[in-house]
Structures are given as C-alpha cells and as structure tokens.
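Just so you know, these numbers use all the heavy atoms, side chains as well, and skip hydrogens, waters and symmetry mates. Chain A is the first sequence line, chain B the second, and so forth, proteins listed ahead of strands; every chain is numbered from 1.
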2 protein chains.
Amino acid sequence: MISCPKCSEVGSIMKAGYVRNKQRYVCKDCNYFFTLSNPDQTTPRKNSRRHQTTIIDIARSTGVSNSTVSRALHGHADISPETRNAVLEMAAQLDYQPNQLAYNLVKSRTNTIGMIVPEFTNSFFPNIIIGAHELLIEAGYNLTIMQSNESYPIEVSNTKAMLANRIDGLLISLTQETNNYDHLKVFEKRGIPLVLFNRVCDYVSAPKVVVNDFEGSFLAVEHLILNGYDRIAHLGGPLNLLVSRERLRGYRAAMEKYGKTIEENMVIQGMFSQQKARIYGKYLLDLENRPDAIFAVNDSSAIEIMLMALEKGIRIPDELGVVGFSDNPESAYIGPGLTTIRQPTNEIGKTSAQWILQLIESEEELILPNEKVLKTELIVRGSSRRNRSLIINSEFG
Amino acid sequence: MISCPKCSEVGSIMKAGYVRNKQRYVCKDCNYFFTLSNPDQTTPRKNSRRHQTTIIDIARSTGVSNSTVSRALHGHADISPETRNAVLEMAAQLDYQPNQLAYNLVKSRTNTIGMIVPEFTNSFFPNIIIGAHELLIEAGYNLTIMQSNESYPIEVSNTKAMLANRIDGLLISLTQETNNYDHLKVFEKRGIPLVLFNRVCDYVSAPKVVVNDFEGSFLAVEHLILNGYDRIAHLGGPLNLLVSRERLRGYRAAMEKYGKTIEENMVIQGMFSQQKARIYGKYLLDLENRPDAIFAVNDSSAIEIMLMALEKGIRIPDELGVVGFSDNPESAYIGPGLTTIRQPTNEIGKTSAQWILQLIESEEELILPNEKVLKTELIVRGSSRRNRSLIINSEFG
DNA sequence: AACGTATCCGCAAACGTTACCGATACTTTT
DNA sequence: AAAAGTATCGGTAACGTTTGCGGATACGTT
C-alpha cells in the first residue's frame, strides 16, 4: 500500500522510527528514508497575516516581470511609457507600499540616521533634535531617536540596536555615566559614520560638535565678579564629561583672572539631577560662611538653588547671585529671571546633521575638522544683576 | 580570434549591435548572442563597503551549516552543546552583529513601534514619549519617533515612511492641520495596530487615549468664577481638534452653570502658535470692555497673555485672571505663577504603549475599549487667585 | 539481526527588492 | 538585404536570515 517515492517499490517498505511524531519509513531497495506528508491539513494559506501587495503581485496582474515593475516604480530607463503607466496604475489600484526592509537589505543602507540623547526632560535636546531633523528630512533621510535616560547600559543597548538596524550614521550625546567607549569604537571598525555632540569624549576619533563651554563659563563667572560678587561657588557636573571639566576650567580661569581665591569646599562636582542639586545646594547655603554667588552647571540646578534661597529668606540677587547654563525656557520667568548662558541648540543639531551627511555621502575617507566649537551667549537677568538700573528684561514685580 | 562561448566556433561570429555601450556578438552557428565581459577590472571585491560578518561566515569558519549557526545563536533546540558553544565562540571572535534587516524581512515584523508627535517645543510630548518608551523597551520593542512639526503633509509622509519601514504599531498624535484621515485608514486596512493619543479624531476606529479635556476646562473656568471673575474670555485652539472642541465645551458648560453670559466676541478659536497667541491676546486686552479673565487653551498662550498684560500695566490677578492648560514647567515660575490644568503626560504615554502592545501581541482581533479618558488636575497658582490668603505655592515677591 | 528511538545537523525554500546581463523585436544605416 | 543600432523586457543571482523537513548517525530494544 505504501510505495517508495523514489523507486515506487511497494514490497520493500519498512518502518524506520519516528521523526517529530511522524512515522518514518525506509525503502530497502533504494535505501531511501521518508515520511508520509499528510496533505489533509487545510492549507493554511501563504500567511495568516494579511498579505501586503508586493512587486510580484503587480507584475502578475500587469503581465510583466518583476524587474520591469521595479524599473517603472523607480522611474528608471529601459521601459516604455505605456508599460510604465500600466504598472503605476496597477500599483495605485492594488495600494502598493514598497517594502523598505527588502530594499534596505539589498542595498545594505537604510537612509536612516540614528540619534541617541541622554534625556528629554527639558527643551535642550529636543531643540537639538529639531535642528538636526530639519536638515535630515530635507536630505531624504529619516531620523530614529532613542534616549538613554542617562544610563550607560541603556546607551550600549541603544547602540547595539542601531547597529543591528543598520543605520547609516549615528549622532550621539553621551550619558553622564559613560566612561567606556568600546560601543562607539565598533562604529569606527564598521566604517559607520559617527558624530558626537554636546556630551563628547576624547578616545573616539569622530568629529565633535560642542559649544564653547569654557568661554561661556568664563563669561558667567566674570559677569558675577563684575557685579560685585566675591565668594563664588561652583556647582558642577560629573567630571567624566568634558562639558563639566570645561565649565570648571572656565570658572577657575575667571576667578584667577580677577584675583579671587577659590575656596575648594565651595566647588562641588556631582551628577545631574534635581535631588543632587537640592543636596549640594543645601550644603552650600548652609555653610557658616556661605558664598555670595553660585554658578551652577545647568539651569535646573540653578533654579533649585533659587527656590531654596527663597525658602531660607535669602534675597536674590542682593544676598546671593545665581547663574545657570543653557537658558531653559523657564529660566526667563522664574522670580527675577535667571541669568544664564544660552547654547545655540538648533545650530548644534544642524551642524551635527550636516557633518553626518557629509561623512555618509563622501565616497572616500573624508577628513573633517575634528571639532566644531559653537559660541555661547550670556543672557543677563535679575538673578545676578545688583545694579537695578540695568533692568531691561520684562519682569513681574 | 573571438570564439563562441557555446559552440567554440570562431568563423561564424559577427557583431550584433551594442548593449549598454558594449559590443555585442552573435554566433551564426548556434545563434547565441553574447557580449564580451572584460575581466580586466580589478575585481572590486564582494562589496566596496567593509564586509560585515554574517552567519555564513561563522558557518564556514566553524565548519557547520547556516541553519546550525542560526539555531545556536537563538538557543533553539536540535543542537549539541559543543557545537553551540563552538558557534557562539566563533561569533564572538568574528564580532558578529545580526542583521536585523534580514531578520525583519523573513519574519516580516520589526519589533519597532513608531510614534508621531506634532511638536517637541515644550515638555508635553517629550514626557509622553518618556512614559511610552519605558514600557516599550521593557517589552523588547524599539521606539522610532518622528515629528510632524504641526504640518499635515509631513504627517502623511511620516506615516508613509513608517509603513514602508514596517513598524509593528503606531502611536500618533495629530497635527492641528489634520482634517483628512486616509493616511490612518491605511493602517486599519493593513491590519497594523494604531493608537491615537491626545490629539485624536473620530472617523478612525482605533483606540484613543485622551485626558478629560471637558472636565479640566470646566474646573478651570469654575475656579475663575469662584474667584470672582465674571466676564471670562476663552482663547481656544483649532476646532478640527477634539481637544479644542472639548475645552470649549467645558468652558461653555461652566459659564452656563453659574449663569454667566458668554460674550461671543470674547471666544476665539485659532491655531497653536506664539504669534497667534499674541495677536488674539492683543485683541482681547484691547477690547474697550475687556474681559476680567482669560482661559487659554494652553500654557504658552496664557504666558503670552500674561506678558502682554505686564507690558500694558494690567495687574495680575487683580485686574485680570489667567488660566492655562497643561502645566508646562515654566508655568510654575512665571510671575505670580500660572494657574493651569495638569495633564498626566507620563500616564498618557504608558497607556498608549500598553494598548499598542496588547493589540500587537493578541493573535485574534482584540476588542479594546474605544477610549481611555485620564483625569486632569487643577493647579492653582497666583495668576487667578484673588484671595491672597490662600497662597501656598512658593513664589518670589 | 532487525527494528525503534533520539539526537544532531544540512538542504533549500522562503521574505521582497534590485541590478546585471542576456534576449527579442524593431528601426536605421550601409 | 545584410549589418548595425535602439528600445524594451525577462531571467536570475544576490542581500542575510529563519525554518520545515529529512537525512544520517548512534544507541537501545526486541
């Protein structure tokens, strides 16, 4: 009853064990092993998922070949206007959507550039994203954004995902925890363009887009000194970040230039977080000989300090001058206004995007300047202006 | 000199035109057409791009087949521990990174869900993103974010890109311009899960995550009335957005409940933009019988109004009460503080993400509640509090 | 021996597209 | 009319994975 699929013999068939719960047979004649496939299962269609129309569908419906359809869709040569129109019409009719995945696979490029930012909580990184996004869209690229949430492991996993998804280039701003850069070196080895911005590091030979943190910091502290503040504290960021080191350097340089002595117990470096800002701020304000001004590494820390000063009844700017960094939107509105250093966020995004595009589209090794340093701007508001006649910004009384 | 590749004949070869600028020949004997491929070009290697190690490379180096490597890498069955280890070791040695593109193609799913937001400028959408991101990452999904920049064409192009990239699901908040929803219906037809949040619309049968705009709006206006304001204006949003309509409805309901007459020239619906806010705000404040309070559709408009009032010397909250919507971070700091309606942004993101995951991972058609309405919260600050004894929030004097 | 079972591994077909190359029919030149 | 050129289309091998199905041992059991 059972005949060998090979030699059609019937007599020499014998059982030969089970494979995946199916009886196996062997033909003693031709030594052919086989199982009987039961075609009774109701042929579960091509795919249970709804079938997306493909180029092949169009080809079948139009009566041409896949290659012709592909040519028609891409406006390539070697095709007559009639067939092209027929194909396009059929494509519209069948509601064809190209499968970018297949395209990417064969071209091994995705037209997507990735961006990893440490956080989203204030408008700083979003503004950078906006700047970069605009340029990239214009150049025909998509932007995939991931946020590392200031966590090194997440940053690593993000870069891995970016690699697996074969992005054409990466824009990244590092976590405050990041001390190891192997996950970035992979990109070098793979030849995938990389641009660091804002939170950069040495040790990676990629172009960097930063602002002149040193100068900005210097300006901030100089401004405080010129307004008569003397004993200026610095609430800094984590020292593994270049920005923190540069801002510290600017602080020290300004203090030195004007002959102010730096009291080292008033220079604190810590993580970026509201909680830390409160803790360090409390420490500074509770010193028995407390500083008469504080230069904070970012606006949110500065604002925390302002709020604490308010609670303690310390008058700003008379008893305490405060300067932040970055010009968050809320800084314009808080109390007398927070003096701060504006960063050209949009420009950071734009130049980063521009560079990554250049790196991608240059066939050969492109030598880019290693670093672009953008200028910062001092925004003077009430939190540091002892001379009240200078008031120009709008404020509530 | 030229011999036929087929029959090796020499005498019967003749030219037969050009193909892509290369001389073509035909053998009269065997009627075989051919061009001479010149192998003198320096064999440009497999790919000019650096070769990424693939599963095939591992297979060759280990001496097993592709399938075995694949099984080893994924921890599947049908493989001995020794070979598995050997493969894994070789994979590590060759620094193998899986090609997600190929994987996605064969599985026709990307483990990526897309998110389209209208803008990034304030912290509202970023906070939603944070909430969604957290859940998605935990569930093993990636998040691709695009911003439509409040432009309908960009929104359409974004959805197209998402479709082409075969995202597994889409979270979208509509543009203020969006009046046509065909680009969303495509997702329905394709069977790709879709969740609308915040800026939703009817006409699309997808679950929606919104806040109780009506209630929030009602609370805001009621609060104004209870603080003694009488002639309350409303600066609303574009009426094609449900949020705008709901907030308008809440405004009207509160006014009606307390028997206040609505002066229709003090109800303005417009686009979300700082410029528009200034124009409409100026109009309201310049009315010869100007309102004594303004309920604005969002905080940035409210802040614009506060600033204009300041310029004009109108005292807040004594001469003018102001309430916004959304509780942007700067609202806590501006002047006397802006009373506003807080939206649970994080929760919006989380429930949206949760729903999209359920929709994706449910095999069958899943019936989800059509809508989730999250609660809002009234945050009372100085801009609307005529009874000064109630002050509790910290403020600068 | 003859048969049954379990384990491990390879083959090859998908997934949807692109691009190289060959093939045909037709037009133009010599 | 042969030869050469042009325009248009099809065949097919990639791209890198996954996976169903079988083949081939090795070992245990009648």
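Applying the side-chain hydrogen bond (donor to acceptor under 3.5 Å, both in side chains) test to B:N149 and every residue at least two apart in sequence or in another chain returns nothing. Partners of A:T178 under the side-chain hydrogen bond (donor to acceptor under 3.5 Å, both in side chains) rule, at least two apart in sequence or in another chain, are A:E155. With sequence neighbours left out, the side-chain hydrogen bond (donor to acceptor under 3.5 Å, both in side chains) criterion links A:D57 to A:H51. In this structure, the side-chain contact (heavy atoms from CB on, under 4.5 Å) partners of B:S67, at least two apart in sequence or on a different chain, are B:S65, B:R71. Residues passing the side-chain contact (heavy atoms from CB on, under 4.5 Å) test with B:K160, sequence neighbours excluded: none. A search for side-chain contact (heavy atoms from CB on, under 4.5 Å) contacts involving B:L357 returns B:L136, B:A139, B:Y141, not counting sequence neighbours. When the side-chain contact (heavy atoms from CB on, under 4.5 Å) test is applied to A:Q100, the partners found at least two apart in sequence or on another chain are A:Y103, A:N104, B:A164, B:N165. Residues forming a side-chain hydrogen bond (donor to acceptor under 3.5 Å, both in side chains) with A:S148 (at least two apart in sequence, or on another chain): A:T175.
Rounded to 10 degrees, the angle between the two end axes of the helix from C:dA1-D:dT30 to C:dT30-D:dA1 is 60°, with five pairs used at each end.
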What donor-acceptor contacts under 3.5 angstrom involve side-chain atoms of residues 82-96 of chain A, with partners at least two apart or in another chain?
from  : atom 1 : to    : atom 2 : distance (Å)
A:T83 : OG1    : A:S80 : O      : 2.9
A:T83 : OG1    : A:S80 : OG     : 2.8
A:N85 : ND2    : A:P81 : O      : 3.2

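Listed by residue number, the members of residues 85-104 of chain A with any heavy atom below 4.0 angstrom from DNA chain C are A:Y96, A:P98, A:N99, A:A102, A:Y103. Heavy-atom distances under 4.0 Å link DNA chain C to B:G63, B:V64, B:S65, B:S67, B:T68, B:R71 of residues 63-75 of chain B, given in residue order.
The side chain of B:V106 sits closest to C:dC15 out of C:dA19, C:dC15, D:dT8.
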